[in-house]
Amino acid sequence: MKPRIWFKPAAHVLLLLGSAIMLFPFIWSVGTSLKDLSEVFTYPPKFFGEQLKFANYAQMTERFPFFTFFFNTLKITVIVVVFQLITSSMAGYVFARLRFRFREGLFGLYLATLMVPAQVTMIPTFLLMKYYGLLDTHWSLILPGLVSAFGTFLLRQFFSTIPNALEEAAKIDGCTPFGIYWRIFVPLSKPALATLGIFITMGTWNDYINPLVFLNSMNKMTLTLGLANMQGLYSTDWPALMAATVITVLPILIVFLLAQDAFVRGVTLSGLKGE
């Protein structure tokens, strides 16, 4: 009995320590964004300076078109999230509920694409974008992200848990396969869709390699690429850079907090096996 008495307090302490370690970089970024440049590298280090300089948040827009980077990233992320949710949910429904020849084999081949590293497909994708004249456009980032094998797998697992009785009742009422997908499966899959939406949002919002490869113009850049360009060759305005970093992180944090309950339920349910 004694080990059980100490188990929960010890678990809470470990979780609190882990949370503190995870939050430390973000808190340090917030503190640095409110310092004077002369206080950034002082020793011993301090979280905050003598005075809080909120003017750093205004300076970040003076040197670089921060809001242009922000809206470019927002546009790309919204388009990719919406279309990937549509394509992944439709493909997941087909693989989970429709019966056709070679279904399992095709699904296995589809999942096999997850084994291919992104670096392997980057050069062929670059050549395709160059052939179609899409380099240095946002379409070079949007088009490759419209489909996802992982999203299809996640939603297929969730759709497999939905009782067959709902589908049979809809068929008796004369509902088409698309009607069953749209009227029954999509409304019931909100937790899984929210989970996948968070994953897609984080991956697209924080993507650095693809914008670096496909974009050149300053007015086309995303936040990650813009933040990298804010570092000067000989000097860097670290408070302004940290202010931009804090603003960049906030949307992801807000999205996760708003969808936290659905995220937990989606991760739990999508791993169950349907009858």
Participant: Taking all non-hydrogen atoms of both residues into account, name the closest pair between Met221 and Ser217 and its distance.
Facilitator: CG-O, 3.3 Å
Participant: Considering only heavy atoms from C-beta outward, does the side chain of Ile252 approach that of Thr201 to under 4.5 Å?
Facilitator: yes
Participant: Taking CG in Leu127 as the centre, count heavy atoms belonging to other residues, nucleotides or ligands within less than 6.0 Å. Is the count above 12?
Facilitator: yes
Participant: Using modelled atom types only, decide if a donor and an acceptor are shared between the side chain of Thr224 and the backbone of Asn206 within a distance under 3.5 Å.
Facilitator: no
Participant: Find out whether Ser148 and Ile200 are in side-chain contact, i.e. whether some heavy atom of one side chain is under 4.5 Å from a heavy atom of the other.
Facilitator: no
Participant: Could you state whether Met129 and Val120 fall into the same hydrophobic cluster, counting links through intermediate Ile, Leu, Val, Met, Phe, Trp or Tyr residues with side-chain heavy atoms under 4.5 angstrom apart?
Facilitator: no
Participant: Do the side chains of Thr32 and Trp28 get nearer than 4.5 Å, heavy atoms only?
Facilitator: yes
Participant: Give the intermediate values and the outcome of side chain to side chain contact (heavy atoms under 4.5 Å, CB included) for residues Glu167 and Ile162.
Facilitator: CA-CA 9 Å; Glu167 188 175 5; Ile162 297 177; over 6 Å; no
Participant: Show me the donor-acceptor pairs within less than 3.5 Å that the side chains of residues 176-183 make with the rest of the protein, sequence neighbours left out.
Facilitator:
unit_1 : atom_1 : unit_2 : atom_2 : d
Thr176 : OG1    : Gly179 : N      : 3.1
Tyr181 : OH     : Ser89  : OG     : 2.7

Participant: Decide side chain to side chain contact (heavy atoms under 4.5 Å, CB included) for Thr248 and Phe66; before the verdict, give the C-alpha distance in whole Å, the side-chain angles of both, and the deciding distance to 0.1 Å.
Facilitator: CA-CA 10 Å; Thr248 301; Phe66 176 81; 4.0 Å; yes
Participant: Give a yes or no answer on whether the side chain of Asp136 reaches the backbone of Asn216 with a donor-acceptor pair at less than 3.5 Å.
Facilitator: yes
Participant: I want to check a possible cation-pi pair here: Arg156 against Phe107, using under 6.0 Å from ring centre and within 45° of the ring axis as the test.
Facilitator: yes
Participant: Looking at every heavy atom in both Met242 and Ser29, which two are closest together, and how far apart are they?
Facilitator: CB-O, 3.6 Å
Participant: Tell me whether the count of non-hydrogen atoms from other residues, nucleotides or ligands lying under 6.0 Å of CZ in Phe67 goes above 12.
Facilitator: no
Participant: Hey, does the side chain of Thr77 reach the backbone of Leu74 with a donor-acceptor pair shorter than 3.5 angstrom?
Facilitator: no
Participant: Mind listing the closest non-hydrogen atom pair of Gly92 and Phe159 along with its distance?
Facilitator: C-CD1, 3.5 Å
Participant: Check whether any side-chain heavy atom of Met90 sits under 4.5 Å from a side-chain heavy atom of Thr152, and report yes or no.
Facilitator: no
Participant: Is there a side-chain contact between Leu225 and Phe69 (heavy atoms, below 4.5 Å)?
Facilitator: no
Participant: Looking at side-chain heavy atoms only, is the closest gap between Asn219 and Asn72 below 4.5 Å?
Facilitator: no
Participant: By side-chain contact (heavy atoms from CB on, under 4.5 Å), which residues pair with Ile76, not counting sequence neighbours?
Facilitator: Val80, His138, Leu141, Ile142, Thr204, Thr222
Participant: For a 4.5 angstrom cut-off between non-hydrogen side-chain atoms, does Phe214 reach Leu134?
Facilitator: no
Participant: I need the minimum non-hydrogen distance between Leu111 and Phe153, along with the two atoms involved.
Facilitator: CD2-CB, 3.5 Å
Participant: On a heavy-atom basis, which atom in Gly197 and which in Leu85 lie closest, and how many Å separate them?
Facilitator: N-CD2, 4.0 Å
Participant: Would a 4.5 Å heavy-atom cut-off, applied to side chains only, mark Val255 and Trp205 as touching?
Facilitator: no
Participant: State which residues pass salt bridge (Lys or Arg N to Asp or Glu O under 4.0 Å) with Asp36; sequence neighbours excluded, sorted by chain then number.
Facilitator: Lys53
Participant: Name the orientation class of the two ring planes belonging to Phe185 and Tyr93 (parallel below 30°, tilted from 30 to 60°, perpendicular beyond 60°).
Facilitator: perpendicular
Participant: Are there over 12 heavy-atom neighbours, none belonging to Phe100, within less than 6.0 Å of that residue's CZ?
Facilitator: yes
Participant: Does Phe83, at its CZ atom, have more than 12 non-hydrogen atoms belonging to other residues, nucleotides or ligands within less than 6.0 Å?
Facilitator: no
